[in-house]
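See below for the structure under consideration.
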There are 4 protein chains.
Amino acid sequence: MATRGRTGDGAPASPPLRADAARNRAQVLAAAREAFRESGTAAPLDEVARRAGVNIATLYRRFPDRQALIRQVVVDAFTLVLDAARAAADASRADAPSALENFMMTLVHQRDMLVLPLIGGPPISDDEVMELQRGINTALEELLDVARADGTIRADVTGLDLITSAAMVCRPLPYLPVEEATALATRHVRVFLDGLRPAVSRELPPGPTFEDFAAHLRQ
Amino acid sequence: MATRGRTGDGAPASPPLRADAARNRAQVLAAAREAFRESGTAAPLDEVARRAGVNIATLYRRFPDRQALIRQVVVDAFTLVLDAARAAADASRADAPSALENFMMTLVHQRDMLVLPLIGGPPISDDEVMELQRGINTALEELLDVARADGTIRADVTGLDLITSAAMVCRPLPYLPVEEATALATRHVRVFLDGLRPAVSRELPPGPTFEDFAAHLRQ
Amino acid sequence: MATRGRTGDGAPASPPLRADAARNRAQVLAAAREAFRESGTAAPLDEVARRAGVNIATLYRRFPDRQALIRQVVVDAFTLVLDAARAAADASRADAPSALENFMMTLVHQRDMLVLPLIGGPPISDDEVMELQRGINTALEELLDVARADGTIRADVTGLDLITSAAMVCRPLPYLPVEEATALATRHVRVFLDGLRPAVSRELPPGPTFEDFAAHLRQ
Amino acid sequence: MATRGRTGDGAPASPPLRADAARNRAQVLAAAREAFRESGTAAPLDEVARRAGVNIATLYRRFPDRQALIRQVVVDAFTLVLDAARAAADASRADAPSALENFMMTLVHQRDMLVLPLIGGPPISDDEVMELQRGINTALEELLDVARADGTIRADVTGLDLITSAAMVCRPLPYLPVEEATALATRHVRVFLDGLRPAVSRELPPGPTFEDFAAHLRQ
DNA sequence: CATGAATGAGGGTTCATTCAT
DNA sequence: TATGAATGAACCCTCATTCAT
């Protein structure tokens with residue numbers, strides 16, 4: 001697991017919450033994910049509190065401002081992704097294509113947790129988030145190294161391609177019911193993976209690296 | 001061209017706008033696309049008016065409420081896509097894979113016009129929009145028919161797969177500068193197209209049809 | 001007739017309007033009466049123009065501001081009342097109670113024209129309106145003088161009592177359909193008139209005079 | 001008393017307001033009465049809040065929209081009238097004409113509370129309001145039954161006549177100062193009551209019943 | 001700790017009014 | 001003259017945020 005303490009935030013040793021407070025906190029985060037997915041990160045915090053079944057002031061006690069709430073949703077999401085990416089890297093030695101497919105499908109199936117990077121809104125340039133993203137990239141590059149050595153995945157694909165593709169695939173059209181959306185996403189994953197087999201045709205044009213990408217987040 | 005009159009709306013023969021009014025209208029739509037892309041469809045209309053350089057009341061004169069503005073942005077977007085899809089269908093007889101690639105890349109390059117379906121927000125269940133979507137699907141299925149007969153594109157891919165993939169590919173992470181975002185999107189298109197070559201491997205799992213999709217929009 | 005020129009305004013000899021302009025003007029006034037009756041004198045002028053079937057700018061050409069429009073509606077109303085009051089004064093010599101009843105019932109039946117004084121809104125302190133009101137009071141006092149001499153109406157009732165009672169009776173509850181509202185108003189007139197017969201009982205307590213009343217309009 | 005709890009609303013047992021909140025609520029209602037009386041029910045709610053000395057959002061916390069505020073003003077008004085009507089019905093056994101006069105004068109003296117039915121605006125077709133109106137009518141019919149049996153009031157007058165007359169008399173021309181307006185209203189009440197004595201002259205023409213009236217409110 | 005209440009500020013929308021055609 | 005268009009200002013209502021209980 002990549003997380004410790006509360007819900008993956010790196011706050012230094014805050015005393016564990018009382019049981020009810022922890023429950024409230026989790027409900028607020030779940031409600032925030034729902035609301036953000038439906039209406040974007042500008043969704044009314046009243047609404048988030050209502051869905052969570054707590055008073056708005058309780059929400060504020062846990063998350064001093066909107067930014068803090070967004071941040072935690074993002075951290076939770078990237079924490080999940082990091083865990084999955086590391087598992088995939090570990091599994092890649094046995095079977096890299098399967099490991100990658102499992103990684104992608106894990107994200108597809110958990111996509112209700114993966115709200116933020118997929119939605120837009122102001123970028124979160126936060127050290128912890130950055131670190132998580134970097135870890136994800138590292139794990140995926142590790143997987144790709146194995147696969148390139150294997151010859152099981154085309155050589156010109158990067159970790160950033162995988163991350164961003166996964167991000168997109170996790171966000172298919174929002175009004176489809178969940179099973180159909182999953183089916184559609186699964187098909188896209190499959191086509192994408194088929195496209196990742198060692199190229200018999202044209203090489204990919206150059207694209208940004210993870211560092212380019214990270215540079216823009218830092219502003 | 002799929003459009004006639006103003007900007008592709010099917011309003012029954014309103015007299016053409018005065019030159020200055022038409023200019024204002026176009027500026028409002030451009031500003032709305034910008035704002036919606038950055039902040040979602042809940043973006044302040046004040047802001048849209050300011051970017052367009054008109055008074056908020058002028059915006060309201062043209063678009064009686066937010067919904068009407070969103071709708072027009074969507075209609076304009078789908079009109080472009082429909083034009084491109086029909087061109088691709090026409091070109092497919094000569095070379096289907098190229099026609100498809102051109103279609104995808106046309107969308108990638110025009111993606112500043114293609115705001116809405118990509119953003120979320122409440123679905124627009126509107127007859128005209130529906131008709132445009134259906135037309136797009138029809139054109140792409142026509143292209144696929146040719147390509148399947150050719151044996152140049154795998155048989156188990158549908159028009160809906162193409163539409164939704166295109167939608168996702170046109171919306172890469174928002175904070176990348178335009179050239180890098182284009183490069184990344186281009187790479188994704190290429191991988192996707194490579195994945196569309198006649199499958200040497202597994203067949204795709206079943207997915208929703210366009211009609212399934214349309215049914216959900218109608219509610 | 002108490003009026004000359006246009007519609008009873010005392011504007012000094014403006015050239016007569018072109019036929020269509022005159023029609024527009026009359027339609028605007030009729031629409032204003034309707035709107036004012038339903039929503040008060042703060043009713044949107046757009047709405048008035050729409051009901052009149054003219055452009056808002058046309059309304060403004062005729063009535064430079066809301067005040068001017070209200071004023072004309074009031075003047076038209078008081079002009080009607082003045083005509084009726086003078087007719088009643090003339091007829092009072094033959095039969096004062098009947099003359100008074102006819103006066104009251106004339107107002108009841110024309111009450112769609114009698115919009116303003118009955119609705120509230122800021123008082124119109126305008127010389128012409130004042131003059132009309134004074135004329136009405138004078139005529140009614142003349143009628144009362146005859147009746148008091150006759151012994152057909154109680155001696156302690158004043159012109160102001162009649163005016164204000166008439167004003168109230170012309171404005172019964174607004175959501176009744178017109179026939180029922182008229183029936184109700186007629187009953188009130190009858191009771192009131194019966195109460196006006198020479199008192200066998202208590203004398204009325206003192207009340208304001210017309211001059212008191214006028215003083216407050218002048219502010 | 002016809003009321004219990006807050007201010008006569010039949011809301012099912014909301015917990016009692018905190019003391020300061022209750023004070024604010026009452027001030028808002030008083031301010032609304034003032035503003036509605038002066039400018040109609042379309043009066044700016046900002047203005048209401050300002051007069052009440054509270055923030056506009058506080059007003060909205062208590063009354064979720066304009067309609068709710070209007071409704072409460074009406075309910076409060078009719079509650080007062082109902083209390084007075086029941087008292088009059090009780091007192092009628094001893095002396096019906098005095099009971100009626102007291103009823104009318106009670107309304108005249110409390111007319112700053114009796115804002116809405118007297119002003120117009122959209123009819124409030126609300127069950128609780130309906131019930132109050134029906135109760136008022138019932139009480140007044142009870143009084144009239146006694147009086148008709150007594151022979152102290154003419155037989156052809158109805159409860160609806162009394163209600164609507166009272167409504168009108170409570171709304172004399174708005175710009176008179178309060179003492180003069182009261183004096184004028186008192187005179188009208190007296191004339192009206194004199195007209196209610198057993199008719200020595202003509203019978204009243206037929207008019208709408210309370211049920212007719214109620215039917216129109218229900219639409 | 002959790003809630004009800006209050007508030008300031010901002011965004012949505014309408015309206016009165018003026019201008020250009 | 002009559003109209004379409006534009007605008008500034010008002011008003012409605014919601015929301016984020018803070019305070020008192």
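Model, not experiment: these values are computed from the prediction. As a basis for the values below, the full set of heavy atoms in this structure was taken, side chains included, without hydrogen atoms, waters or symmetry mates. Proteins come first, then strands; the chains are lettered A, B, ... in the order of their sequence lines, and each starts at number 1.
Between A:L59 atom CG and E:dC1 atom C1' the separation is 15 Å, expressed in whole Å. The CD-P distance, from D:Q27 to E:dA5, rounds to 16 Å in whole Å. Atom CD of B:E47 and atom P of E:dT13 are 16 Å apart (whole Å). Rounded to an integer number of Å, the gap from CD1 of C:I56 to C1' of E:dT17 is 8 Å. Taking atom CG of residue B:L45 and atom P of nucleotide E:dG12, one finds them 5 Å apart after rounding to whole Å. Between B:L69 atom CG and E:dT13 atom C1' there is a gap of 14 Å when expressed in whole angstrom units. The distance between atom CG of C:D46 and atom P of F:dA6, rounded to the nearest whole Å, is 16 Å. If you take CZ of A:R25 and C1' of E:dC1, they are 16 Å apart, rounded to a whole angstrom.
In this structure, the side chain of B:R66 engages the main chain of B:T41 through a donor-acceptor pair within 3.5 Å. Panel note: side chain B:R25, backbone B:R62; no donor-acceptor pair is recorded below 3.5 Å. Panel note: side chain B:R51, backbone B:A30; no donor-acceptor pair is recorded below 3.5 Å.
Toward the 5' end of DNA chain E, the nearer of the two residues C:A42 and D:T58, judged by each one's closest nucleotide, is D:T58. Each of D:Y60 and B:N55 lies near DNA chain F, and the nucleotide nearest B:N55 is the one positioned closer to the 5' end. For the pair D:G53 and B:D65, nearest-nucleotide mapping onto DNA chain E gives the more 5' position to D:G53.
Side-chain contact between B:D76 and B:R33: present, with at least one pair of heavy atoms (C-beta onward) separated by less than 4.5 Å.
The phosphate of F:dC11 has neither OP1 nor OP2 within less than 4.0 Å of any side-chain N or O from D:R66. Close to F:dT7, at under 4.0 Å from its OP1 or OP2, lies no side-chain N or O of B:R61. For B:N24 and F:dA6, the shortest distance from a side-chain N or O to OP1 or OP2 is below 4.0 Å.
Rounded to 10 degrees, the angle separating the terminal axes of the helix from E:dA2-F:dT21 to E:dT21-F:dA2 is 0°, with each axis obtained from five end pairs.
Across all strands shown, D:R23 has no heavy atoms under 4.0 Å from either base or sugar-phosphate atoms. D:A49 comes within 4.0 angstrom of nothing in the nucleic acid, heavy atoms only.
Proximity note for B:A57 (side chain, C-beta onward) versus E:dC15, E:dT13, E:dT3: the nearest is E:dC15.
Under 4.0 Å is where a charged nitrogen must lie from a carboxylate oxygen, and between A:E47 and A:R50 at least one such pair does.
Considering all non-hydrogen atoms of both residues, C:A43 and C:F36 come closest at CB-CD2, 4.3 Å.
More than 12 heavy atoms of other residues, nucleotides or ligands shown are found within 6.0 angstrom of CG on C:D20.
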